[in-house]
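Shown next, in structure tokens, is the structure this report addresses.
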Amino acid sequence: MNSASESVIIALTRGRILEETLPLLREAGIEPLEDMKRSRKLVFATSREQVNLLVMRGSDVPVYVENGAADMGVAGKDMLLEYGGEGLYEPLDLGIARCRLMTAAPRQAPETGARLRVATKFTNIAKRWFAEKGRQVELIKLNGALEVAPAMGLADAIVDIVDTGNTLRANGLEPRETIAEISSRVIVNKASMKIKSRLIRAILEQLAAAVNRRSD
Ligand code: AMP
């Protein structure tokens with residue numbers, strides 16, 4: 001096999017997921033040659049010649065990987081559920097950036113029979129979840145400023161990521177129902193998994209070993 005087919009591009013999610021992914025990659029023998037958190041570059045060579053890293057928003061990672069512009073990726077399960085990547089393998093849970101995707105509403109707000117207005121960035125997930133429950137809702141797509149939507153009269157409830165719950169509490173909201181437990185996952189392009197199987201499987205094994213050492 002020639003060297004081109006035995007090199008991989010891994011798309012990483014910037015922000016807190018990147019911070020928690022880099023130590024695992026390092027344990028797997030993959031270290032960026034520059035400080036990814038400081039640089040404005042998007043592509044990084046690594047200590048392993050056959051491995052290059054890309055850094056981007058989490059919502060873009062499954063798009064890059066499904067379309068083969070990157071061979072592998074690391075993204076939050078929330079992004080994967082929202083994207084609905086049928087064309088992706090999801091072979092490894094890194095167990096990092098854990099949180100929950102939840103519904104939340106103003107404290108003590110009664111459930112009315114009226115059609116609920118729900119603000120969220122995760123409209124696909126919310127649509128599926130409320131439909132499964134047989135609940136009719138009006139979804140309002142927002143990209144941020146979710147937590148103030150109920151206080152401002154824009155929505156009755158929200159669907160959002162909750163970690164400590166501090167953000168909800170600070171905005172007079174309380175968590176209600178858990179839609180999904182979230183952590184970051186490794187995803188792999190299906191064609192890459194076949195064509196570059198040796199290298200990708202080796203990286204997955206090394207990452208899995210690093211994850212297992214954490215949980216020991
Ligand atoms: P908290 O106040 O600790 O409940 O954190 C909630 C806020 O932090 C939400 O607005 C989320 O957008 C963000 N957040 C917390 N954990 C994560 C995570 N693992 N991945 C992405 N966003 C997160």
Side-chain angles (χ1 to χ4, degrees), residues 10-27 36-37 42 53-65 70 72-85 88 90-109 116-130 139-187 207-208 210-211 214-215:
I10 309 178
L12 302 178
T13 298
R14 80 165 77 256
R16 84 173 72 186
I17 294 179
L18 179 65
E19 302 213 354
E20 295 188 46
T21 305
L22 287 175
L24 290 171
L25 285 172
R26 190 177 314 124
E27 282 187 54
M36 290 180 80
K37 286 178 258 169
L42 301 175
L53 303 176
L54 292 179
V55 64
M56 60 188 66
R57 294 163 71 110
S59 52
D60 293 331
V61 170
V63 183
Y64 264 73
V65 176
M72 306 175 71
V74 174
K77 182 69 180 173
D78 49 336
M79 295 300 159
L80 303 176
L81 288 170
E82 181 64 15
Y83 181 72
L88 295 164
E90 191 189 304
L92 182 62
D93 183 348
L94 293 177
I96 57 171
R98 287 181 185 277
C99 55
R100 289 187 168 146
L101 192 63
M102 300 192 75
T103 65
R107 270 193 290 276
Q108 284 145 17
L116 205 65
R117 293 166 307 152
V118 180
T120 186
K121 347 182 227 203
F122 302 100
T123 47
N124 294 331
I125 298 173
K127 191 190 284 177
R128 276 201 304 271
W129 192 77
F130 285 108
L139 291 174
I140 299 162
K141 166 91 180 175
L142 286 178
N143 295 305
L146 273 178
E147 293 87 354
V148 291
M152 295 296 124
L154 179 62
D156 306 301
I158 65 171
V159 167
D160 198 11
I161 297 290
V162 180
D163 181 10
T164 60
N166 290 340
T167 308
L168 293 183
R169 277 190 291 277
N171 289 285
L173 302 173
E174 62 184 9
R176 291 278 169 90
E177 292 169 279
T178 300
I179 298 177
E181 300 284 342
I182 305 298
S183 56
S184 300
R185 313 296 166 97
V186 177
I187 52 175
L207 280 173
V211 172
R214 296 274 164 97
S215 54

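Note that ligands are numbered from 1 as they come in the structure, with each ligand's atoms numbered from 1 the same way. Here the structure is a predicted model, which means the values were calculated and not measured. Index from 1, following the sequence.
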message = I'd like to know whether K121 forms a salt bridge (charged side-chain N to carboxylate O under 4.0 Å, His left out) with E82, so could you lay out the CA-CA distance, the side-chain angles of the two residues, the decisive distance to 0.1 Å, and finally the verdict.
response = CA-CA 9 Å; K121 347 182 227 203; E82 181 64 15; over 6 Å; no
query = Which option out of T167, L101, V162, T164 puts a heavy atom nearest to atom 7 (C) of ligand 1?
reply =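 That would be T167.
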ask   = Where the closest heavy atom to atom 9 (C) of ligand 1 is concerned, which of I182, L146, L168, I161 has it?
value = I161
Separation between [atom1] of [X] and [atom2] of [Y], rounded to the nearest 0.5 Å:
X    : Y    : atom1 : atom2 : result
L12  : I17  : CG    : CD1   : 10.0 Å
I161 : T167 : CD1   : OG1   : 11.0 Å
L42  : L53  : CG    : CG    : 12.0 Å

inquiry  = Heavy-atom pairs closer than 4.0 Å: do any link ligand 1 to the side chain of I17, the backbone, both, or neither?
reply    = neither
ask   = Do any nitrogen or oxygen atoms of D163 lie less than 3.5 angstrom from nitrogen or oxygen atoms of ligand 1?
value = yes
key: Heavy atom of G165, distance to ligand 1 below 4.0 Å   = yes
Enclosure of [X] [atom1] (heavy-atom neighbours >12, cutoff 6.0 Å):
X    : atom1 : result
Y83  : OH    : yes
E181 : CD    : yes
R100 : CZ    : no

ask   = Among protein heavy atoms, which sits nearest to atom 16 (N) of ligand 1, and what does the distance come to when rounded to 0.1 Å?
value =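 Sorting protein heavy atoms by distance from atom 16 (N) of ligand 1 puts R16 NH1, 3.2 Å first.
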key: Nearest protein heavy atom with distance in Å, relative to atom 19 (N) of ligand 1   =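 The answer is A97 O, 2.9 Å.
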ask   = Looking at R185, R214, K77, R98, which one forms a salt bridge (Lys or Arg N to Asp or Glu O under 4.0 Å) with D93?
value = R185
Heavy-atom contacts with [X] under 4.0 Å: which atoms of ligand 1 show up? List them by number with element.
X    : value
E147 : 10 (O)
D160 : 10 (O)
C99  : 16 (N), 17 (C), 18 (C), 19 (N)
N166 : 2 (O), 4 (O)

